[in-house]
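Ligands are counted one by one from 1 in listed order, and the atoms in each one are counted from 1 as well.
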Amino acid sequence: MITVQVLRKTQEATGICSYELARADGAALPAFSAGSHIDVQVPGGLTRQYSLCNDATEQHRYRIAVLRDPASRGGSVAMHDALKEGDTLQISEPRNHFPLVHAQKTILLAGGIGVTPLLCMAQRLAAIGADFTLHYCTRSADRTAFRDEIAASPFAANVKFHYDDGDAAQKLDLAREIAQPQAGTHLYVCGPTGFIDWVTKTAAQQGWPSEQVHLEYFGAAPQDTAGDQAFDVKIASSGAVYRIPADQSVAHALQQHGVEILMSCEQGVCGTCITRVLEGECDHRDLYFTDDEKAKNDQFTPCCSRARSKLLVLDI
Ligand code: FES
């Protein structure tokens with residue numbers, strides 16, 4: 001973990017603050033690429049992932065932005081209410097599960113706070129003179145983080161703002177914008193689950209291959225756990241078989257038997273806990289794998305995913 005100090009906390013929009021993090025001694029931070037996130041140990045003990053939204057060439061600081069969501073499990077409220085300038089935080093090194101690929105054209109689609117990794121991508125694409133457009137959808141202008149910063153940036157002409165409460169003419173006509181799949185064009189979408197589902201469904205309807213549609217969710221998908229059943233997990237290396245109760249995750253149940261699985265988000269978003277599956281059928285509950293990866297049934301996220309079969313054999 002890296003210890004950083006909150007250099008600056010800025011109200012960027014209604015309910016959204018940004019935080020500039022740097023080492024207290026001013027030393028360089030590990031380099032990162034556009035689309036990266038860090039784990040942050042939030043006041044109160046939770047760990048949360050936040051995308052870096054500053055220019056990826058900077059090494060003197062990381063910048064994250066957080067939407068205060070009282071309906072969440074408490075991480076965002078603690079960040080807003082408890083964290084002040086000058087406080088120290090523990091963070092991980094940056095990791096990137098949402099990297100930019102080389103493309104002739106890039107379309108970035110942001111829903112609300114989902115702008116953070118896409119803002120970093122926009123800065124990178126602008127710096128290399130790439131052909132790109134950022135569509136930034138929010139409820140209203142006052143809930144649009146970084147609006148003035150983007151409007152004053154060298155890539156302002158590449159950005160289109162779309163407000164839910166604005167007139168019909170400025171709303172995002174997604175089916176029209178992505179009507180023609182092009183081999184060299186890649187789509188990136190980040191935002192709440194409903195926004196991502198809208199984009200991915202529309203893209204699929206318009207014939208976009210899934211390899212050209214890249215996504216990153218914020219927060220976990222709602223789960224219906226009412227029908228969950230107990231099942232068994234076998235540890236391939238030792239042959240030990242453990243019962244996973246209906247109301248406990250695989251990772252937590254194994255932990256009680258001394259089998260440690262590294263976890264971070266515990267909600268199927270970050271991919272830290274990915275474990276290979278040798279036998280059995282997974283019940284994938286994560287937002288991390290693509291549909292194709294899930295269909296292969298050879299790995300799963302034991303922090304939240306379960307089994308459809310009576311037994312899963314894990315490669316640990
Ligand atoms: S701990 Fe994040 S996906 Fe499992």
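Looking only at protein heavy atoms, the nearest one to atom 3 (S) of ligand 1 is G271 N, 3.2 Å.
Against a heavy-atom cut-off of under 4.0 Å, G268 is close to the following atoms of ligand 1: 3 (S).
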**OP:** Dump the intermediate steps for ring pair (Phe, Tyr, Trp, His ring centres under 6.0 Å) on Y62 and Y50, then the final yes or no.
**Re:** CA-CA 10 Å; Y62 295 147; Y50 295 108; over 10 Å; no
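Between H97 and Y288, a ring centre-to-centre spacing shorter than 6.0 Å is recorded.
Taking backbone and side-chain atoms together, C303 has an N/O/S atom less than 2.8 Å away from atom 4 (Fe) of ligand 1.
In this structure the side chain of T57 never reaches within 4.5 angstrom of the side chain of Q123, judged on heavy atoms.
Using a 4.5 Å cut-off between side-chain heavy atoms of Ile, Leu, Val, Met, Phe, Trp and Tyr, with links allowed through other members, I261 and F231 fall into the same hydrophobic cluster.
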